[in-house]
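Every chain is numbered from 1 and lettered A, B, ... according to where its sequence line falls, protein lines coming before strand lines. Please read all numbers here as calculations on a predicted model, not as lab measurements.
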2 protein chains.
Amino acid sequence: MKENTGKTKYVILGLLSHCPQTGYSIKKSIEFEYSHFWQESFGQIYPTLKALVSEGLAVSSDILESSDGRGQIVYNITEAGRAELEKWLSEAPDVEKIRYEILLKISFGTNTQSQVLLGHLDDFIERNEKTVSELDGYIEIFHVLKAQGEDHTFNELTALCGKYVYSAMRDWALDAKRIITERGEKQ
Amino acid sequence: MKENTGKTKYVILGLLSHCPQTGYSIKKSIEFEYSHFWQESFGQIYPTLKALVSEGLAVSSDILESSDGRGQIVYNITEAGRAELEKWLSEAPDVEKIRYEILLKISFGTNTQSQVLLGHLDDFIERNEKTVSELDGYIEIFHVLKAQGEDHTFNELTALCGKYVYSAMRDWALDAKRIITERGEKQ
DNA sequence: TGGATAATATATCATAAAGATATATATGTC
DNA sequence: GACATATATATCTTTATGATATATTATCCA
């Protein structure tokens with residue numbers, strides 16, 4: 001029995017707890033709903049699905065050729081899978097590992113011309129601004145749905161986290177531009 | 001010739017561009033100076049150092065037994081290494097990949113009791129608050145050094161980014177607690 | 001109608017990264 | 001002297017990412 005103790009296992013269980021899905025739709029769900037704070041690859045998803053089945057945490061359908069002619073394997077969570085998910089949900093989350101390449105380049109900035117760094121920062125500001133607008137759009141949709149009686153509190157909360165974090169990065173980059181520019185003028 | 005196209009290569013070149021070092025001191029530098037936005041393991045550092053030497057981007061000393069009796073290999077950057085570093089610094093940084101386990105748990109929150117989520121959020125707030133204080137301390141030190149004529153602009157900028165981001169996460173968690181609590185009361 | 005492209009779907013491989021462990025010496029301290 | 005901590009190199013396993021292979025179906029559009 002293979003171990004596979006990463007988080008992928010729990011993401012998949014979490015998604016299957018909502019509804020039965022194929023590996024492909026799991027990948028797409030993560031891309032569309034979670035891309036701001038999570039990502040998984042096919043290379044992780046398919047082996048993990050097999051491991052979940054062999055551990056009894058999920059069950060797979062036979063290959064269905066009937067539905068639309070395409071072969072697909074639909075996975076569903078088991079009671080044991082739900083229990084495993086609950087257990088993980090109750091445990092304290094790990095500390096985030098973050099790799100900000102732009103900070104490395106800033107940090108080695110003595111080797112770099114100011115103009116290059118300012119260019120990187122402009123791209124960074126634009127990118128983060130775009131993400132914030134996107135998240136604002138989602139938050140608005142969740143509010144509309146809420147007014148219609150649908151509860152999307154937890155989706156709203158994750159979007160809100162993204163908004164705070166990406167706004168902070170944009171604000172930092174604006175400050176950083178100013179500080180680097182002032183420093184350049186002094187020299 | 002092995003490729004090794006990850007970022008580890010450039011982090012090491014960046015550190016070696018400041019001063020010659022051993023693999024161990026590279027690990028420690030990253031831990032102490034960059035841990036808020038970067039991390040590397042021995043399993044990445046030692047093989048990458050060998051690859052850098054074989055590519056002519058760094059040179060290694062023979063094993064020195066003399067200095068303090070302990071065997072150590074000191075690495076230094078070459079001119080080709082500096083050129084490679086410059087090239088990388090001028091290229092646009094990749095988009096950050098972020099994995100926030102706490103957001104996954106929030107997102108699967110329908111499966112979880114409010115009390116558990118609020119507990120996770122409390123830990124999260126405390127952790128981020130601590131990090132912000134730590135970064136504030138660094139920023140103050142950089143200001144003192146600046147007053148004494150030492151320029152630490154780029155170290156200050158990276159600490160400032162951390163301060164902004166970790167503050168944003170703390171603020172979000174405070175909001176999240178409020179929203180979850182209100183939702184619980186309504187039901 | 002044909003042809004190109006995009007979407008659905010499963011799967012594997014190579015590279016990269018993280019984490020754990022092994023080994024050995026040196027230093028500090030109780 | 002015993003024990004913990006720090007210095008130092010190295011490897012191994014597990015986990016994650018990115019690219020690629022393969023095949024079918026759906027859609028767009030000229």
Q.
Heavy atoms from C-beta onward define the side chain here; which of C/dA17, C/dT12, D/dA10 lies closest to that of B/T8?
A.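 So the nucleotide nearest the side chain must be C/dA17.
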Q: Looking only at side-chain atoms of B/K50, point me to the closest of D/dA10, D/dA16, D/dT9.
A: D/dA10
(Q) Five pairs per end, C1' atoms only: what is the angle between the end axes of the helix from C/dT1-D/dA30 to C/dC30-D/dG1, to 10 degrees? (A) 30°
Q. Which value, rounded to the nearest 0.5 Å, describes the distance between B/Y34 atom OH and B/N155 atom CG?
A. 7.0 Å
Q. Could you give the distance from CD (B/E79) to CG (B/L57), rounded to the nearest 0.5 Å?
A.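 Spacing of CD (B/E79) from CG (B/L57) equals 11.5 Å.
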Just the rounded figure in Å: distance from [atom2] of [N] to [atom1] of [X].
X: A/Y75; N: C/dA9; atom1: OH; atom2: P; result: 13 Å
X: A/Q72; N: C/dA9; atom1: CD; atom2: C1'; result: 8 Å
X: A/L49; N: C/dT10; atom1: CG; atom2: P; result: 8 Å
X: B/Y10; N: C/dA16; atom1: OH; atom2: P; result: 10 Å
X: A/F42; N: D/dT22; atom1: CZ; atom2: P; result: 17 Å
X: B/I12; N: D/dT9; atom1: CD1; atom2: C1'; result: 14 Å
X: B/K9; N: C/dA17; atom1: NZ; atom2: P; result: 12 Å
X: A/Q44; N: D/dA19; atom1: CD; atom2: P; result: 16 Å

**Q.** Any B/Y46 side-chain N or O less than 4.0 Å from OP1/OP2 of D/dA10
**A.** no
Q) Is there a residue in residues 92-101 of chain B whose heavy atoms reach under 4.0 Å of DNA chain D, and which residues are they? A)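 Per residue number, the list reads B/K97, B/R99.
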Q) Going by number, which of residues 16-41 of chain A have a non-hydrogen atom under 4.0 Å from DNA chain D? A) A/Q39, A/S41
(Q) Side chains of B/T8 and B/Q44: any donor to acceptor distance under 3.5 Å? (A)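 Short answer, yes.
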**Q.** Shortest non-hydrogen separation from A/F108 to B/V11 and the atoms involved
**A.**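 Scanning both residues completely, I find the closest heavy atoms to be CZ-O, 3.7 Å.
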Answer yes or no: does atom [atom1] of [X] have more than 12 heavy-atom neighbours from other residues, nucleotides or ligands under 6.0 Å?
X: A/K28; atom1: NZ; result: yes
X: A/K163; atom1: NZ; result: no
X: A/Q115; atom1: CD; result: no
X: B/E140; atom1: CD; result: no
X: A/E126; atom1: CD; result: no

Q) Is B/H143 reaching over with its side chain to a backbone N or O of B/E156, donor-acceptor style, under 3.5 angstrom? A)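 No; judged by distance alone, with no hydrogens or angles, the pair does not exist.
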Q: Determine yes or no for a side-chain-to-main-chain donor-acceptor pair under 3.5 angstrom, with B/E101 supplying the side chain and A/P93 the backbone.
A: no
